[in-house]
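Notes follow once the structure below has been shown.
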Amino acid sequence: MKQISQVIQQMISISEEELKNFLKNCFIKNFQRHQSLSHPNVIPNDIFFINKGILRVIVHDKEASEHTIHFALENQFIADYSSFIQQLPSLYTLQALEETEVIVIPRSAVDWGYKNLKEGDKLGRLIAEFYFIYQDNRIKNLYARSAKERYDTITEVFPNIHNRVPQHMIASYLGITPVHLSRLKKSDYSKV
């Protein structure tokens, strides 16, 4: 629980006792490659903190085509936050792309944190703000930047992504076809 402790201590002022009591409500869970952490049509009751590995958030359209809408890396919190907050069935699948170790933060731990941590509300707000800013930037990138610009900046958001994730998933995240991604990569190599 060392990584999550460090991240939380960077976000809020928290005593060792508060941190210990919060984390005793959480637990470590491991997922194999391609295993799902959460599923559509189920109300999410957990938030995940990634110790090791990478996750992707997937949504399926009405034709059952799969779309990658987000990746999450080490030291990040991830969940279908909207569904978690509203206690509604999720639209998303959270899938491990590598062997992944997460800290599961159940709804009961989140509720305990809001009630008992001096800065529990601040912690919740900062996590929500991070996710909101990420989602807002994602929307801006999709609609205000070219595919080339999105490709050029993906490693700023997700370092080492090209070595960890299959290209068709990166293409899906960028909103382009794998063929288009291949062309973008070739144009980069021809400049070297």
Side-chain angles (χ1 to χ4, degrees), residues 3-4 6-12 36-51 53-62 65-97 100 102-105 107 110-111 113-114 117 119-162 164-177 180-181 184:
Q3 285 171 254
I4 193 172
Q6 291 172 339
V7 169
I8 290 172
Q9 288 169 329
Q10 290 170 359
M11 296 173 79
I12 62 170
S36 295
L37 286 73
S38 67
H39 304 276
N41 303 315
V42 175
I43 296 172
N45 284 306
D46 301 312
I47 294 174
F48 304 99
F49 177 85
I50 304 169
N51 278 339
I54 184 168
L55 302 177
R56 77 174 172 142
V57 180
I58 308 161
V59 68
H60 290 87
D61 62 25
K62 290 183 181 185
S65 296
E66 184 176 277
H67 303 277
T68 301
I69 61 167
H70 183 36
F71 296 107
L73 309 173
E74 289 85 1
N75 297 320
Q76 291 182 340
F77 295 92
I78 187 69
D80 179 346
Y81 287 107
S82 295
S83 295
F84 179 87
I85 291 166
Q86 298 175 79
Q87 296 189 31
L88 295 173
S90 180
L91 288 176
Y92 304 136
T93 300
L94 273 64
Q95 179 189 58
L97 296 181
T100 299
V102 299
I103 296 175
V104 179
I105 308 166
R107 182 178 304 280
V110 173
D111 292 342
Y114 280 129
L117 297 177
E119 294 192 0
D121 287 339
K122 181 180 179 183
L123 178 63
R125 179 179 52 81
L126 291 173
I127 292 169
E129 285 175 0
F130 171 83
Y131 199 69
F132 172 80
I133 291 167
Y134 166 79
Q135 290 292 71
D136 188 55
N137 286 336
R138 173 99 169 101
I139 292 166
K140 289 174 188 172
N141 282 338
L142 277 175
Y143 296 104
R145 287 186 164 176
S146 69
K148 174 79 169 115
E149 290 170 319
R150 293 192 305 272
Y151 171 75
D152 289 343
T153 59
I154 192 170
T155 55
E156 292 171 18
V157 180
F158 306 112
N160 203 24
I161 192 81
H162 295 289
R164 297 178 76 181
V165 173
Q167 295 303 293
H168 72 277
M169 291 178 191
I170 293 172
S172 174
Y173 174 81
L174 294 172
I176 59 178
T177 66
H180 191 176
L181 177 60
L184 289 174

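Sequence positions, counted from 1, serve as the residue numbers for this chain.
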Legend entry - Considering all heavy atoms, the nearest Phe71-Gln76 contact: O-OE1, 4.2 Å
Legend entry - Reported CG-to-CD1 distance for the pair Asn51 and Ile103, which is rounded to 0.5 angstrom: 4.0 Å
Inset, instruction - Would you give the length of the straight line joining atom CD1 of Ile58 to atom CG of Leu94, rounded to the nearest 0.5 angstrom? - result: 8.5 Å
Legend entry - Atom pair CG (Asn137) and CD1 (Ile133), whose distance is rounded to the nearest 0.5 Å: 7.5 Å
Inset, instruction - If a pair satisfies side chain to side chain donor-acceptor pair (under 3.5 Å) and one of its residues is in residues 167-176, list it, with sequence neighbours excluded. - result: Tyr134-Tyr173, Gln167-Lys185
Legend entry - salt bridge (Lys or Arg N to Asp or Glu O under 4.0 Å) against Lys140, all qualifying residues, sequence neighbours excluded: Asp136
Legend entry - Partner residues of Arg150 under the salt bridge (Lys or Arg N to Asp or Glu O under 4.0 Å) criterion, sequence neighbours left out: none
Legend entry - Main-chain N/O of Ser65 paired to Asp61 side chain as donor or acceptor, under 3.5 Å: yes
Inset, instruction - Could you grab the distance from atom CZ of Arg107 to atom CD1 of Ile105, nearest 0.5 Å is fine? - result: 12.5 Å
Inset, instruction - Check for a donor-acceptor pair, side chain of Thr153 on one end and backbone N or O of Glu156 on the other, with a separation under 3.5 Å. - result: no
Inset, instruction - Show your reasoning for whether side-chain contact (heavy atoms from CB on, under 4.5 Å) applies to His70 and Phe158. - result: CA-CA 10 Å; His70 183 36; Phe158 306 112; 4.0 Å; yes
Inset, instruction - Determine the minimum heavy-atom distance between Asp46 and Phe84, stating which atoms define it. - result: N-CE1, 3.8 Å
Inset, instruction - For residues Met11 and Leu126, report the shortest heavy-atom separation together with the two atoms involved. - result: O-CD1, 3.3 Å
Legend entry - Donor-acceptor under 3.5 Å (Gln95 side chain, Leu37 main chain): no
Inset, instruction - Kindly give the heavy-atom pair with the smallest separation between Leu91 and Val59, and that separation in Å. - result: O-CG2, 3.9 Å
Inset, instruction - Any chance you could lay out the side-chain contact (heavy atoms from CB on, under 4.5 Å) test for Phe48 and Val104, step after step, and finish with the verdict? - result: CA-CA 5 Å; Phe48 304 99; Val104 179; 4.0 Å; yes
Legend entry - Sole residue of Ile78, Thr93, Asp80 in side chain to side chain contact (heavy atoms under 4.5 Å, CB included) with Val57: Ile78
Inset, instruction - Could you walk me through whether Ile161 and Ile54 pass side-chain contact (heavy atoms from CB on, under 4.5 Å), step by step? - result: CA-CA 9 Å; Ile161 192 81; Ile54 184 168; 3.8 Å; yes
Legend entry - From Met169 atom CE to Arg56 atom CZ, the distance as rounded to the nearest 0.5 Å: 3.5 Å
Legend entry - Gap between atom NE2 of His162 and atom OH of Tyr151 - 0.5 Å precision: 4.5 Å
Legend entry - Residue that, paired with Lys148, satisfies side chain to side chain contact (heavy atoms under 4.5 Å, CB included) out of Leu184, Ile176, Leu174: Leu184
